[in-house]
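Below is one structure, written out as structure tokens; comments come after it.
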Amino acid sequence: MPELPEVETIRRALEPELVGRRLRHPWAFASPKFTPALLADDVRVVHVRRRAKYLLLGLHDDHELVVHLGMTGTVHLGEAIDDGYVRARWALDDDRTLTFRDVRRFGRLRVVPTGDYRTIPTLATAGPEPFDPEFDGAHLYAAVKQSRRHVKTQLLAQRAVAGLGNIYADEALWLARVNPAVRTLTRRQADALAEAIVEALGDGVRNGGTTLRDYRTVDGETGRNQHHLHAYGRAGQTCDRCSTELQSRVLDARTTTWCPTCQRR
DNA sequence: GTGATAACCTGCTCGC
DNA sequence: TGCGAGCAGGTTATCA
């Protein structure tokens, strides 16, 4: 499930390869989620950016190709792939092929005027990037205070901070010793959680992302961060801090793992 | 406006 | 061995 570190890893690999290249002869799987790919035709790529979990390919005609990888989306650059899971494809002017592959079809593609994300609500309302100076404990405290939803659900909603998914939300909450089901934070908890979010996502980027099943880099390699997880997917195992058995429950339709001792309510 | 929930989608795992 | 049920989860739409 590509979150900020996985998308950023893909962005860093694509940027030097795609900027200046021309997208040609687009093909798209017959679904409204993917047919916008056809709008990016015979146009040069001018930048490769990321916002939250979205990949933004700037096009020379003042538009952006917005890519969301969904649950199982991957981007491949090189030889053409055709295995039944390809959802979009472009020929490049250097004879390579840019392929968007997505088994579960939770991903989506859009072409919008550069910077105009009104048709993509989550992107339009996304909170600050975790590595921006404006994101800190004070911001997180104020953002969480505006809602009565569980704190983990607020992290996943992308408004308090952009880029977190289920894996890194569990990890950040574990690092900050915050129970996922609380609905309010003290200022001290907010400071700790903001710091933990930056640490969890930073580690994820440095480790090239987390591969549990589907995620691959542009080169087809797996990430390494799955070897460094403390909470996500470790229910029934012992806490790395206190050796208590980690617990798991479904919280707002998301499997959530936490330490009942370190992350006491 | 906010919160809760269903739907989308397919491979994998588990139980029978 | 084969089948069916349940699960995984990011985003959007819908309803209360």
Side-chain angles (χ1 to χ4, degrees), chain A residues 1-8 10 28-36 50-56 66-75 81 83-88 100-110 112 117-127 129-130 142-173 180-184 197 200-201 204 209-216 222-223 225-226 229 231-236 246-258:
Chain A
M1 57 206 83
E3 304 178 28
L4 184 154
E6 291 74 37
V7 179
E8 179 62 21
I10 290 170
F29 183 82
S31 159
K33 291 180 176 181
F34 307 111
T35 51
R50 179 195 56 75
R51 175 77 170 101
K53 304 176 196 171
Y54 293 84
L55 200 57
L56 309 171
V66 181
V67 180
H68 193 286
L69 300 172
M71 295 286 297
T72 55
T74 57
V75 176
I81 300 173
D83 63 359
Y85 300 120
V86 172
R87 307 305 175 199
F100 178 65
R101 183 177 179 274
D102 183 14
V103 172
R104 289 191 209 172
R105 291 192 242 162
F106 270 45
R108 64 199 66 200
L109 304 172
R110 290 283 177 80
V112 301
Y117 307 126
R118 285 173 295 179
T119 59
I120 309 171
T122 304
L123 186 51
T125 61
E129 289 288 319
V144 169
K145 206 174 179 179
Q146 289 177 8
S147 171
R148 286 289 299 160
R149 306 194 80 183
H150 298 122
V151 66
K152 179 179 173 182
T153 305
Q154 293 198 52
L155 296 181
L156 297 180
Q158 309 299 307
R159 291 200 178 198
V161 58
L164 284 168
N166 208 28
I167 296 173
Y168 294 97
D170 274 4
E171 292 301 300
L173 288 161
V182 300
R183 297 176 188 269
T184 58
I197 287 167
L201 293 173
T210 302
T211 298
L212 298 174
R213 185 176 297 169
D214 301 287
Y215 166 68
R216 292 291 184 277
T222 60
N225 201 56
Q226 63 276 15
L229 299 178
Y232 180 87
R234 296 192 66 239
L246 297 177
Q247 292 189 357
S248 179
R249 64 172 279 205
V250 176
L251 181 71
D252 295 332
R254 293 290 173 267
T255 301
T256 299
T257 306
W258 80 102

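Values below: all heavy atoms of this structure, side chains included; hydrogens, waters and symmetry mates excluded. Proteins get letters first, then strands, A, B, ... in listed order; numbering begins at 1 in each.
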Are any of the side-chain nitrogens in A:R108 or A:D102 under 4.0 Å away from the carboxylate oxygens of its partner? no

Between atom CZ in A:F34 and atom P in B:dC8, what is the gap in whole Å? 15 Å

Value in whole Å for how far the P atom of C:dA13 lies from CD1 of A:I120: 12 Å

Does a nitrogen or oxygen in the side chain of A:Y85 sit under 4.0 Å from OP1 or OP2 of B:dC9? no

Using a cut-off of strictly less than 4.0 Å, decide whether A:K53 has a side-chain nitrogen or oxygen near OP1 or OP2 of C:dT11. yes

Residue-phosphate contact under 4.0 Å: A:T72 side-chain N/O, B:dG11 OP1/OP2: no

Give the rounded distance in Å between these two atoms: CG of A:L123 and C1' of C:dG10. 14 Å

According to a strict under-4.0 Å criterion, is A:R254 in side-chain N/O contact with OP1 or OP2 of C:dG10? yes

Take the protein atom CG of A:L69 and the nucleotide atom C1' of B:dC9, then report the distance between them rounded to whole Å. 16 Å

Does A:Y168 have a side-chain nitrogen or oxygen under 4.0 Å from the phosphate oxygens OP1 or OP2 of C:dG9? no

Under 4.0 angstrom, heavy atoms only, what part of the nucleic acid is A:T153 near: base, sugar-phosphate, or nothing? nothing

Both A:R149 and A:S31 contact DNA chain B. Taking the nearest nucleotide for each, which residue is further toward the 5' end? A:R149

Could you tell me whether the side chain of A:R104 has a donor or acceptor atom within less than 3.5 Å of a complementary atom in the base of B:dG11? no

Separation of atom CE in A:M71 from atom P in C:dG10, rounded to whole Å: 6 Å

OP1 or OP2 of C:dT11 under 4.0 Å from side-chain N/O of A:T122: no

Quick check for you: among C:dA8, B:dG11, C:dG10, whose closest atom lies nearest to any side-chain atom of A:T255? C:dA8

Report the distance from atom CD1 of A:I167 to atom C1' of C:dG10, rounded to the nearest whole Å. 12 Å

Would one find a side-chain N or O of A:H68 under 4.0 angstrom from OP1 or OP2 of C:dT11? yes

Give a yes/no on whether any side-chain N or O of A:S147 is located under 4.0 angstrom from OP1 or OP2 of B:dG3. yes

Taking for each residue the nucleotide of DNA chain C bearing the nearest heavy atom, is the 5' side occupied by A:T119 or by A:F106? A:F106

